[in-house]
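The chains referred to below are lettered A, B, ... by the order of the sequence lines, with proteins before strands, and numbering in each begins at 1.
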Amino acid sequence: MKYWLMKSEPETFSIDDLKRKRTEAWDGVRNYQARNFMRDSMQPGDKVFFYHSNCAEPGIAGIAEIASDAYPDPSQFDAKSKYFDPTSKREEPRWMLVDVKFVKKLKRTITLDELKGHDVLDEMLLLRKGNRLSVMPVAAAEWRYILTLE
DNA sequence: GCCAACGTTGGC
DNA sequence: GCCAACGTTGGC
């Protein structure tokens, strides 16, 4: 089993939204590296840190689980969607997604600022300078360590 | 709202 | 294939 971190802007879709809906199709990813992780490496049952980005308190807000194999993101074909991609063909979809299932909300958000303060997490992809990936792997040791911070 | 960092696009 | 221009992400 692998571990991941997926970012979402809470004003758009928060951990509370996922809790209410139980499962959500993770649409709108339009970055090849992030897509490749979903398409090539994720498996149902993998665990996910649900990260709140671009907000007052950026950080890990909850835990989710991958709930499907990758499949084409329907929003790429929807002309009314802001994720519409007119260059993607149905016979050859460019963008993939996975379903994500709610597991739990953390008692408190483990903030980005706090994560930066732990030397053992220095190598974390999330904390690397300039990294803007919205979907990224988390090392098993990092996962276990972060869970102890809750 | 600002801006650094990065990805993508397209002219050449 | 280079690279300038542009768009996006996301912390602050």
Expressed in angstrom and rounded to an integer, what is the separation of [X] atom [atom1] from [N] atom [atom2]?
{"X": "A:M6", "N": "C:dT9", "atom1": "CE", "atom2": "C1'", "result": "16 Å"}
{"X": "A:N131", "N": "B:dA5", "atom1": "CG", "atom2": "P", "result": "13 Å"}
{"X": "A:L126", "N": "C:dG10", "atom1": "CG", "atom2": "P", "result": "10 Å"}
{"X": "A:R132", "N": "C:dG10", "atom1": "CZ", "atom2": "P", "result": "8 Å"}
{"X": "A:R35", "N": "B:dG7", "atom1": "CZ", "atom2": "P", "result": "15 Å"}
{"X": "A:E9", "N": "C:dG11", "atom1": "CD", "atom2": "C1'", "result": "12 Å"}
{"X": "A:L127", "N": "C:dG10", "atom1": "CG", "atom2": "C1'", "result": "14 Å"}
{"X": "A:Y83", "N": "C:dT8", "atom1": "OH", "atom2": "P", "result": "12 Å"}

**OP:** Examine C:dT9: is either OP1 or OP2 under 4.0 Å from a nitrogen or oxygen in the side chain of A:Y51? Give yes or no.
**Re:** no

Original post:
For C:dG10, does either OP1 or OP2 sit under 4.0 Å from a side-chain N or O belonging to A:K129?
Top reply: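 Answer is no, no contact under 4.0 Å.
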
Subject >> No-hydrogen, no-angle side-chain donor-acceptor test under 3.5 Å, A:E9 and A:S53 >> reply: no

Between [options], spot the one nearest the side chain of [X], thanks.
{"X": "A:N31", "options": "C:dG10, C:dG11, B:dG7", "value": "B:dG7"}
{"X": "A:K7", "options": "C:dG10, C:dT8, C:dG11", "value": "C:dG10"}
{"X": "A:S134", "options": "C:dG10, C:dG11, C:dT8", "value": "C:dG10"}

Original post:
In terms of the nearest nucleotide of DNA chain B, which residue is placed more toward the 5' end: A:N54 or A:Q33?
Top reply: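 In this pair, the answer is A:N54.
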
Original post:
Going by the angle between their ring planes, with limits at 30° and 60°, are A:W26 and A:F13 parallel, tilted or perpendicular?
Top reply: perpendicular

Original post:
Can you check whether A:D73's main-chain N or O pairs, donor with acceptor, with A:Q76's side chain at less than 3.5 Å?
Top reply: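 Side chain of A:Q76 to backbone of A:D73, a donor-acceptor pair under 3.5 Å: yes, one is there.
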
**OP:** Under the salt bridge (Lys or Arg N to Asp or Glu O under 4.0 Å) rule, what do A:R20 and A:D17 come out as? Steps first, then yes or no, please.
**Re:** CA-CA 5 Å; A:R20 192 172 59 249; A:D17 294 323; 2.9 Å; yes

Original post:
How is A:L133 classified with respect to the nucleic acid when contacts are heavy atoms under 4.0 Å: base, sugar-phosphate, or nothing?
Top reply: sugar-phosphate

**OP:** Check each of A:I110, A:L106, A:L5, A:L126 against A:F49 using the side-chain contact (heavy atoms from CB on, under 4.5 Å) test, and report the only one that passes.
**Re:** A:L5

Original post:
Under 3.5 Å, is there an N or O donor on one side and an acceptor on the other linking the side chain of A:R30 and the base of C:dT8?
Top reply: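 Result: no qualifying N/O pair found.
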
